[in-house]
Each structure stands twice: as structure tokens, then as C-alpha cells.
Amino acid sequence: MAQAGVTRREVLGGCFAFAAGQACGQSRDFVSQTSAGTAPAGPSRVVIARDAALRSGGSVDSARLAALLDRAMQAFFEVDKPVEAWRRVVKPGEVVGLKVNCLAGKGASTHPALAEIICERLQQAGIRARDILIWDRLSDDLESAGFRIQTGRDRVRVMGNELLGYEDELSTWGSAGSLLAKALTRVCDAVINLPVLKDHGIVGVTLALKNLFGAVHNPNKYHPNAGDPYVADVYMLPPIRQKVRLAICDAVNGQYEGGPSYMPQWSWPFNGLLVARDPVALDRTGWEIIEEERARRGMKPLREAGREPRWIARAARYGIGTDDPRRIRRIEV
Amino acid sequence: MTDATLRRTILKGVLALPCLPAPAADDSRFIVEARYWEKLPHRKIKCTLCPRECVIDDRERGYCGVRENRGGVYYTLVHSRVCAANIDPIEKKPFFHVLPGTLSFSIATAGCNVNCKMCQNWDISQVRPEQVRSLYMPPREVAALARQNRCATVSYTYTEPVIFYEYMVDTAEAARAAGVRNVVVTGGYISTDPLKELAKRVDAIKVDLKAFSEKFYREVVNGELKPVLQTLVTLRKLGTWSEIVYLVIPTLNDSDREFRDLARWVKAELGPDVPLHFTRFHPQYLLKNLPATPLKTLERAKAIADAEGLQYVYLGNVPGHAAENTYCPKCRRVLIEREGFFIRGLHLSQGRCPGCRQPIPGIWGKS
Ligand code: SF4
């Protein structure tokens, strides 16, 4: 669904010069939630938006996906128009990164259609196409998920970390010691985190917190002990805490077993999106959804499978967010 | 930079060129099927090369970052992919009982199967192969370069050679065929079967024993002590020449008790004649908050190991110290005088003390 006469192709092609959004300036209640050192005081809100008719003929209906995203964003920010919601996340002049998750190729990666709609909404909120970067660990991963690599500076860029490189100096926090991707440190002012709803054979689940493994040069070092404390420690690296503004989990498909690779036999159509500022609350909620599906299918809970994602509780202890179900408000739309 | 320029630069002694994108065009040259892995259901595999035994999904890599599952088949990504190459004195490894005064053609690829907080080469050991500049150096070329540069040995070193096992084994065979010997510098975190195969092809193995406690291995190394001790025992049984290096880190592995336990274990399980090098730590990588090891601590370690009956206890990273020399364990005559990596005097006579004729274990001359 295109607004203000913009087609999606134009948005990704970078042909669209958006003027109205820039005139609006910065929203008054603009917040960079995760830059704070502690979790927000009130309950964390997690919007779960679903549309049973999201697919038509086996593929995702992008117009319905756009409507679903708009509904989720409006519900999360309690505003009447999608553009108002996006203005609470970004402001004109910023460079915005979309951290997608493409390791598993088509089937269990962030849908390009979702990224495309977000690019469109960002431009409507005043971000120039050239100031949007869709990025992940490797260009190969992006391509295998259906993205096309674009490096030209006149349009939305789509690039793997290997093209932009890593910092030379280590960033450290707790057990984490990594070179950070320049996509995060040098290119982007703000990051929208776009994980998928997925089981992970070693660390339990892979959702918002773990998606930032794609911002470090050495994710292979962070899987022992079911990812605890590594997932939380990596997220504590200051540029990650400071720049990630919002998580939108692509839950069009969920996968309750066999991840992170795509295993169609263990995937199910969740037909939804999860939106949160608090990545811990989002991960806790996503984990519960995966456990519910496992239970429905007669599978053991992750704890019994030896891969309970204990790093979610640790991230809460660090103050990244809350994992306490009593302090998480699920908003279903 | 062309391959030729890069080769010259590397050989001049620039250890690594981190964080520059490697030429990607012909990465396929470096990719060969790995050894020591098992197929699991759903295109997963289990790597059995080292005790970590990573279970790896399709399109994922193991902990070492240099071995990848592609469609249910496991590959090494670093065969012939050299990110560091130097001509070093063999004393730098350090080997003190292997061909003293000779040069060693020393190579590494990216990657490591542990993550020591004190790693001095983390910029090549803790990165993926595509994150450092590398050049293509197939086994026969390594052997030829070693000969051309009058190196008595090829050393597999700097990072962790276990993770470039296939390349190391193939190169060792090529070097041996060219009349060049092979030495390995390793953390010893390797499974027994591949270790036995490796031992058939190499002449000496130096094991970095990073501490004598599981706690240290868990918290500082991200590994385990027990398999490393098993490696040392296996090498002794196989008769492969081994030396041990113990990096002494203030407050973390420098207690009298740990030194004593270590010395007693070495004497009981390996014998009193295994060289043990206590070396000085300098703040690095993730352990920048600790001071360099005081000389007194090193001397205390040596005194304890000497008192327990070990015959060849050395100190390292303290150039000019008398404990760099080799002494006859029987008559205390100086047999090899060293200063840093250099030999000041070599007084062995056919592997024996020239005074009392005591045989000194090691690899001293032509095989
Ligand atoms: S060699 Fe690498 S992949 Fe294999 S078990 Fe060891 S760390 Fe894992």
C-alpha cells in the first residue's frame, strides 16, 4: 500500500523526493527509549498484530502486510496515522538502518516486503531514501532472503557488513569483546531491529536481542552455554544500546523447532508482527509464543530441551528491559 | 594490493592485516571438505576435530569461525589461506630443545577454537577468514619457500593450527617430502584421533598450557583443561617431542599451589625431562587491567618446578635472564646460552653434555 502517491518501487529505487515529512520537523515526544541505562519505569508494551488473511495463494499479500504494520505501529504509539508513529521513532536528517535477519534464506528470514514497507513509511516521515540502509551480516545472506544488494548512494542501500567493514578497535562489555560493524557505528544514527520469530537449536530462540549478533564480527564466539550471558552482553555494547530504537519482529511465519535454519516441517503461519521498544519484553513474548506452539505440537519446553534462553532474564537484570510477564502489556490488534 | 605485494609485505614481518576485506573473487580456492565430522539429521553436522564438538546448522559455522556447514557437508574455509607468514628463530616459538639457532617458516590462518582473554594475536585468531587479508599459499609453495629461505622447519603457529588442520597436515607432508621438518604451536585443545594422525606427520609440538585449573580455562580461555592434559599424555605416549609453555598471569594463575600441582603432574605423567617454559604476561586484548608479570613471580615459579624435580625449567620474555639457558641436569654445565631469541653459545656434543656425557633430550641435528 503506497501513500502520498508513492509506489514501493519508487521508494526502493530512490526516485522519490519526500518533502512534506521534512516540513513537519521532529515530533515533540520523540524518544530514544533504549539509550537509557535502565528499563522504562512503566510496563513494557508489546503489540501483537495478526491478520489471518495475510497470504494469498501461498505468498504474502504486501498490501495486507502494509496495513498490518500500520495497525501495529498506530496501536503501539497510540496515534491515528502511521506517519505519526514513525515520527516518534526517527527524525528527518537521520540515517536509519534496518537490521534484518537473513541467515536462513527465504522462509525464515525477514521478508523483503516488510523492509520495503518500512522504507516507504520512513520516507513519509521525512527520511531520505539515501539515508536508509538495510543491512545484515553478509550480502550473500541478504540475497538468499530475496534482497538485492544496492550500494549506490542515491537510493536505499542494501549491504552486508563485509562491504562496509568493522571497526579496528574492540568494544567490550562483560564477556563480550567484538569489533562492531561500521553499518552500526558509522553509518546509522538509528536502527530498527527486524528479527524473525524463530527457535534456535543452541540458544533457544532468536528474536530481537540475538539479532544484534549481526552487528559484531565474531558471533560464533557467543553460542556456548546456550548463549548466556553472551546475547545480553553483546546487546549491552554502547552503540547497540544507544542506536536501536524499535523492534518489529517479522512473525509472518513462526518456527518452533530446528532453527535457525529454515525447516518448513516445523514452521507455522503466525501471520503477524510484534512491535516493541523493549527488546527484552519482545523476546519474552516471542519465546512464550514459541513455547505455546511447541506445547500444542506435543514438544518439550525449551528448558527440558536444554536450551532455555536464560539470557533473556539476564538482559532484564542488566536493565535493558523487562522479562516479567506482569510488567509486559500485550496489546493484540 | 596485488598478491605478490601482499606476499612481500607479509614476509617482511607484518603479522596481520586485520579488518580489510579480503579479495572475495576466488575464495573457492580455500574451501575444501573438512575432516573429522559427522552428519546429523536435518542437514546439521557435528564437528569432532576438537573437544568442543560443535553441532552446526546448515549455513552456520563452528565456534572457531573457519569451518562451515554447506548443505549438510562440512568445509574448512582456510586451506592455503595464509593471513600471517614470517621467518622466525625457532626460539621464538619457543622451542628450546629443537634445532637451536635455526629458522622456522611460520604460518597461520585466521581463527581459533578458544578465546583467551590475554591473546596477543586476537586480531587474526578471533576473526573470520574473510575479515583479514590473506593470500593463497598452497602446501608445496610453503615447503618451497621454507627451503628457499633456509628454514629447517615449518611452524604452524600464531593462531590455533588445530582449526586449520587439513592445511597443516597437507603442508606437513609436502614439507617433509622437501626435507623440511614440521613443528606445531598449539593450545592442545584437539580430539585424540586427529591428534594421533597429526603426530605422525610432525616432529615437535609445543603446547600452551594456560593454567592448571578448570576455573581458569572456563573463565579466561573459554575452554577446558582436561582435554589439554590428555593431549600432552597422548604425545608423550606417541613419543612426539613436546615442550610446555605456561604464561604466568598475575593473580589468575600464579599461586605457589598451582605451580606445584603443575610441576608434580608434569613429572608424574610426562616425566622430569619435558621442558617447561614460564613466560611473562603483558596486558593485551581483554586483560588490559592486569600488570605485566613481575620477574620475581617467574623466578618463584621456576624455583618451585625445580624443587619438584623438573630438569628443564625456563623463563621466557625476560631477555638476558640466566634461566633462558639450558643447563646439564647432572653437572650443571651451561649447554646452550641464549639471549632472547638468539643463541650465544651452543656447547652440546651430539645431543650430550660435553662434560659428563649426560644425554639431553630433544631434536638436535639431522634426523
Ligand atoms: S574445530 Fe571448530 S567447529 Fe570443530 S569442534 Fe572445534 S571449534 Fe567447533
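Order of the sequence lines sets the chain letters (A, B, ...), proteins ahead of strands, with each chain counted from 1.
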Closest approach of A:W266 and B:H42, non-hydrogen atoms and distance?
-> CH2-NE2, 3.1 Å
Worked verdict on A:S261 versus B:D58 for side chain to side chain donor-acceptor pair (under 3.5 Å) = CA-CA 6 Å; A:S261 291; B:D58 188 17; 5.2 Å; no
So with a 6.0 Å cut-off around CZ of A:R303, is the heavy-atom count from everything else above 12?
-> no
Closest non-hydrogen atom pair, A:P219 against B:R128 = CG-NH2, 3.8 Å
Residue part contacting chain B, namely of A:H223, when any heavy atom lies under 4.5 Å | neither
Just how far is it from atom NZ of A:K221 to atom CG of B:N113, taken to the nearest 0.5 Å?
-> 7.0 Å
Please state whether the side chain, the backbone, both or neither of A:D141 comes within less than 4.5 Å of a heavy atom of chain B.
-> both
Chain A contacts, top residue of B:K44, B:Q126, B:R61 (heavy-atom pairs, under 4.5 Å) | B:Q126
Among residues 45-53 of chain B, those lying within the under-4.5 Å heavy-atom range of chain A are B:R52
Checking heavy atoms, do the side chain of B:C64, its backbone, both or neither come under 4.5 Å from chain A?
-> backbone
Measuring heavy-atom distances to chain A, does B:K117 have an atom under 4.5 Å in its side chain, in its backbone, in both, or in neither?
-> neither
Of the non-hydrogen atoms in A:N220 and B:Y63, which two are nearest, and what is the gap between them?
-> ND2-O, 2.6 Å
Under 4.5 Å from a heavy atom of chain A, the part of B:E60 involved = side chain
What one should report as the nearest heavy-atom pair of A:Y262 and B:R43 is O-NH2, 4.0 Å
Inter- and intrachain pairs under ring pair (Phe, Tyr, Trp, His ring centres under 6.0 Å), touching residues 131-164 of chain A, at least two apart = none
Among A:G201, A:S144, A:G105, A:A104, who wins on heavy-atom pairs under 4.5 Å with chain B?
-> A:S144
To the nearest 0.5 Å, atom CG of A:D140 lies from atom CZ of B:R59 at 7.5 Å
Check each atom of A:P224 against the heavy atoms of chain B and say whether the ones under 4.5 Å are side chain, backbone, both or neither.
-> side chain
Option that, when pairs with chain B are counted at under 4.5 Å, heavy atom only, ranks first among A:L170, A:T172, A:N218, A:I202 = A:L170
For atom CD of A:Q265, decide whether the heavy atoms of other residues, nucleotides or ligands shown that lie under 6.0 angstrom number more than 12.
-> yes
